[in-house]
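Let me begin by presenting the structure, written as structure tokens, before commenting on it.
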There are 2 protein chains.
Amino acid sequence: MPTIIEVAALAGVSTATVSRVLSRPEQVSEETRRRVLEVVRESGYTPNVAARSLRTLRAAKILLTVPDISNAFFASVIRGAEEAARDAGYSVMVGDTRHDPEVEDQYADMLSRREVDGLIFLGHRLPASLAPLLARKGTAAPIVNGCEYSPDLGVPSVHIDNAAASADAIQHLIDLGHRRIGVITGPEISPISRDRLAGAIDAATRAGLRDSLHIRVGDYSAGSAVDQTRDLLAQDVTAIFCFSDEMAMGALSAIGDAGLKCPRDVSVIGFDDLPLARYFQPPLTTIAQPKGMIGRRTVELLVDILRGVESPSQQVTLRHELVIRSSTAPPASGL
Amino acid sequence: MPTIIEVAALAGVSTATVSRVLSRPEQVSEETRRRVLEVVRESGYTPNVAARSLRTLRAAKILLTVPDISNAFFASVIRGAEEAARDAGYSVMVGDTRHDPEVEDQYADMLSRREVDGLIFLGHRLPASLAPLLARKGTAAPIVNGCEYSPDLGVPSVHIDNAAASADAIQHLIDLGHRRIGVITGPEISPISRDRLAGAIDAATRAGLRDSLHIRVGDYSAGSAVDQTRDLLAQDVTAIFCFSDEMAMGALSAIGDAGLKCPRDVSVIGFDDLPLARYFQPPLTTIAQPKGMIGRRTVELLVDILRGVESPSQQVTLRHELVIRSSTAPPASGL
DNA sequence: ATATCCGATGTAATCCTTTACATTCGATTG
DNA sequence: CAATCGAATGTAAAGGATTACATCGGATAT
């Protein structure tokens with residue numbers, strides 16, 4: 001691997017010229033450019049990123065942290081982010097925080113240390129070590145949130161209208177005729193879980209059915225939904241709305257274990273529209289989030305900030321969609 | 001963010017001493033060390049990674065590429081890898097190649113450019129751009145494969161005994177009394193799919209049932225299994241062995257669509273033991289791979305190479321396990 | 001008392017690239 | 001023809017850390 005010095009020598013020019021050929025080719029004469037590029041190609045020269053980033057104070061990298069990489073929801077977001085990053089000349093580092101604040105802080109330190117130019121976090125916790133940076137630079141800090149919008153964070157964010165989406169789900173169940181509806185939420189600290197709950201309660205209240213909602217707290221995992229579903233079935237609910245598709249999977253499993261059948265005995269509606277949701281038994285009715293687009297827009301937002309665009313958007317709200325498959329149906333008429 | 005120079009000035013020592021305190025503290029006197037560390041703490045100094053890596057030619061980073069980040073199987077492997085990397089003082093960059101050779105090459109270039117110290121790839125394709133490096137350094141090249149062992153790659157690898165695991169699955173079905181067994185494989189280029197197929201055929205042949213196997217080609221995705229399952233059901237198989245849990249999910253979905261019931265009418269057995277497998281309907285019998293351990297050992301192997309351990313192991317074979325849940329049962333006696 | 005050694009610390013070169021500023025030279029203008 | 005300009009290129013200073021080598025002073029050996 002040659003250095004720029006050797007390339008310059010071979011091409012009979014100075015290192016400055018080589019550097020210019022590579023980063024601002026229009027400043028170099030046609031003739032010289034061709035000669036340099038020829039040498040670059042032959043020698044297989046590529047600029048040393050450490051040296052470059054030392055000099056420019058830019059790493060051309062974006063850090064993307066997810067609270068749980070085994071959650072398929074995030075996979076699609078990551079994809080969208082990587083594509084957008086590639087388009088903008090950045091590469092993405094993915095970090096799995098496992099909901100561990102210590103790990104979150106470790107990753108956040110990479111930003112303080114300037115190992116990466118910006119941070120996108122998909123969880124709801126803003127790492128503590130970023131507080132000073134955020135206080136200093138406000139929304140000009142290269143930090144963006146995806147999915148888990150919370151106004152107190154003071155960070156730009158990309159998300160759907162969770163309250164409205166949730167209301168759509170409840171409305172769908174009400175329209176089908178359900179009057180005893182179970183809701184399995186995310187953890188209480190999750191801001192979007194609160195938004196969704198508020199939306200659900202809103203929709204029920206508007207229909208004069210505030211009391212028909214039976215609320216249970218889950219943690220987005222299939223396992224947590226199993227227990228809560230058993231509980232809800234004991235309450236004779238005819239439908240269950242889960243705040244994630246994974247929980248819907250757990251709910252379906254518990255329904256089957258109880259000797260019941262979905263949607264004949266109990267309807268189930270999920271949230272996320274994972275790629276696998278169509279293969280659930282029965283295929284899952286759910287709220288689709290534009291996952292890839294969320295990833296893409298978070299990166300675009302971050303890149304705007306990095307480029308110093310004067311007034312980057314603060315909040316981007318994308319459209320959700322109710323996808324009706326076979327896990328929801330009118331309640332059994334017998335009841 | 002202060003530099004080492006300012007820290008040195010504040011502590012009244014030279015930059016060399018500060019550097020030594022941080023990397024080889026035993027070379028510095030107790031007294032000086034304390035003073036320097038105090039300044040470091042107060043000033044919040046952290047070494048600039050670009051400068052360090054420029055000087056040392058090491059990045060303290062490992063690149064881990066996965067062919068499909070939305071596949072939950074890889075999530076667990078990534079976790080194990082990240083833990084092991086953290087233990088060894090490295091951090092992990094995750095790259096999603098989406099099975100795209102061009103993207104694979106792009107990531108591989110990060111190794112050539114020394115942006116990362118080593119590469120772990122979980123797919124079966126060795127990026128073309130690494131051929132020269134591999135030719136030059138042989139197995140001393142900092143490249144390790146996980147899961148997809150293939151002897152022709154000439155790269156150390158961590159994996160299970162896929163043929164034996166597959167044989168176990170078939171044997172389980174045979175033991176239950178199945179005599180018409182469908183097999184849905186991975187893509188034909190996948191070496192582990194070939195191994196598994198060989199193992200399956202072996203087991204069937206040993207039982208004198210070579211002709212009872214009905215083989216269909218899938219691509220590890222749920223969707224591909226749906227079509228193949230329909231086809232197999234038309235052949236009146238009483239059991240289906242899928243080379244991934246995702247395909248098992250597709251198979252279950254297709255079985256339900258056909259108005260049949262698992263395991264009453266058709267048994268299904270998967271491969272991987274995803275976290276969700278226990279929530280399938282019915283809970284899935286499958287071959288468990290030690291996913292976290294695969295990740296961990298690939299990193300350990302790579303770190304051995306990076307540290308110049310003279311004879312790092314070439315192949316690590318970990319243990320699999322047949323996990324019997326409820327998706328397999330004896331065939332309906334009526335047949 | 002002198003020579004020797006060793007632990008602790010300092011000096012300065014080095015890693016490779018980018019870029020502000022300087023230089024050169026041919027073309028244009030008055 | 002001298003002065004001015006501008007495009008193309010070169011010179012050299014940064015950027016921050018590591019580390020080979022040099023230095024210093026006190027302890028030990030002779």
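Note that these values count all heavy atoms, side chains included, but never hydrogens, waters or copies made by symmetry. Here is how names work: the chains are called A, B, and so on, in the same order as the sequence lines, proteins then strands, and each is numbered from 1.
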Sorted by number, residues from residues 106-119 of chain B placing a heavy atom under 4.0 Å from DNA chain D are none

May I ask you to say whether A:E83 pairs ionically with B:R98, meaning some side-chain N is under 4.0 Å from a carboxylate O?
yes

Run the salt bridge (Lys or Arg N to Asp or Glu O under 4.0 Å) test against A:E300 and tell me which residues pass, sequence neighbours left out.
A:R296, A:R297

I need the A:I160 CD1 to A:I192 CD1 distance, nearest 0.5 Å.
8.0 Å

Are any non-hydrogen side-chain atoms of A:L301 and A:V316 less than 4.5 angstrom apart?
yes

Between B:R114 and B:D109, does at least one N-O distance fall below 4.0 Å, as a salt bridge requires?
no

Side-chain atoms of residues 47-54 of chain A: list all donor-acceptor pairs with protein atoms under 3.5 Å, sequence neighbours left out, distances to 0.1 Å.
residue: A:N48; atom: OD1; partner: A:A50; partner atom: N; Å: 2.7
residue: A:N48; atom: OD1; partner: A:A51; partner atom: N; Å: 2.9

Counterpart residues, salt bridge (Lys or Arg N to Asp or Glu O under 4.0 Å), relative to B:E42 (two or more places apart)
none

Counting only heavy atoms and a strict 4.0 angstrom limit, can you tell me which residues of residues 19-35 of chain B come near DNA chain C?
B:R20, B:V28, B:S29, B:T32

About how many Å separate CG of B:D87 and CD of B:E82, when rounded to the nearest 0.5 Å?
12.0 Å

Contacts satisfying salt bridge (Lys or Arg N to Asp or Glu O under 4.0 Å) that involve residues 116-137 of chain A (not counting sequence neighbours) are A:E104-A:R125, A:D105-A:R125

CA sep, side-chain torsions, deciding dist, call: B:Y45, B:T3, side chain to side chain donor-acceptor pair (under 3.5 Å)
CA-CA 7 Å; B:Y45 167 75; B:T3 71; over 6 Å; no

Name the first nucleotide and the last nucleotide along DNA chain D (5' to 3') that come under 4.0 Å of a heavy atom in chain A.
D:dA8 to D:dG16

Side chains of A:L133 and A:S112: does their closest heavy-atom pair fall under 4.5 Å?
no

Under a 4.0 Å N-O cut-off, is there an ion pair linking A:E38 with A:R35?
no

Does anything in residues 4-15 of chain A come within less than 4.0 Å of DNA chain C? Heavy atoms only, and list the residues if so.
A:I4, A:T15

With sequence neighbours left out, write down each residue that passes side chain to side chain contact (heavy atoms under 4.5 Å, CB included) with A:A88, or none if nothing qualifies.
A:Y90, A:V303, A:R307

Using a cut-off of 6.0 Å, state whether more than 12 heavy atoms not belonging to B:R86 lie near its atom CZ.
yes

Take the protein atom CZ of A:R52 and the nucleotide atom C1' of C:dT19, then report the distance between them rounded to whole Å.
13 Å

Five-pair end axes of the helix from C:dA1-D:dT30 to C:dG30-D:dC1 and the angle they enclose, rounded to 10°
50°

Among A:T65, A:N71, A:I69, A:V103, which residue satisfies the side chain to side chain contact (heavy atoms under 4.5 Å, CB included) criterion with A:D96?
A:I69

With the side chain counted from C-beta on, respond yes when B:I294 and B:L318 share a heavy-atom pair under 4.5 Å apart, and no when they do not.
yes

So, using side chain to side chain contact (heavy atoms under 4.5 Å, CB included) as the criterion, who are the partners of B:E102 when residues are at least two apart?
B:D100, B:Q106

Of the residues in residues 54-63 of chain B, which ones touch DNA chain C at a heavy-atom distance under 4.0 Å?
B:L54, B:R55

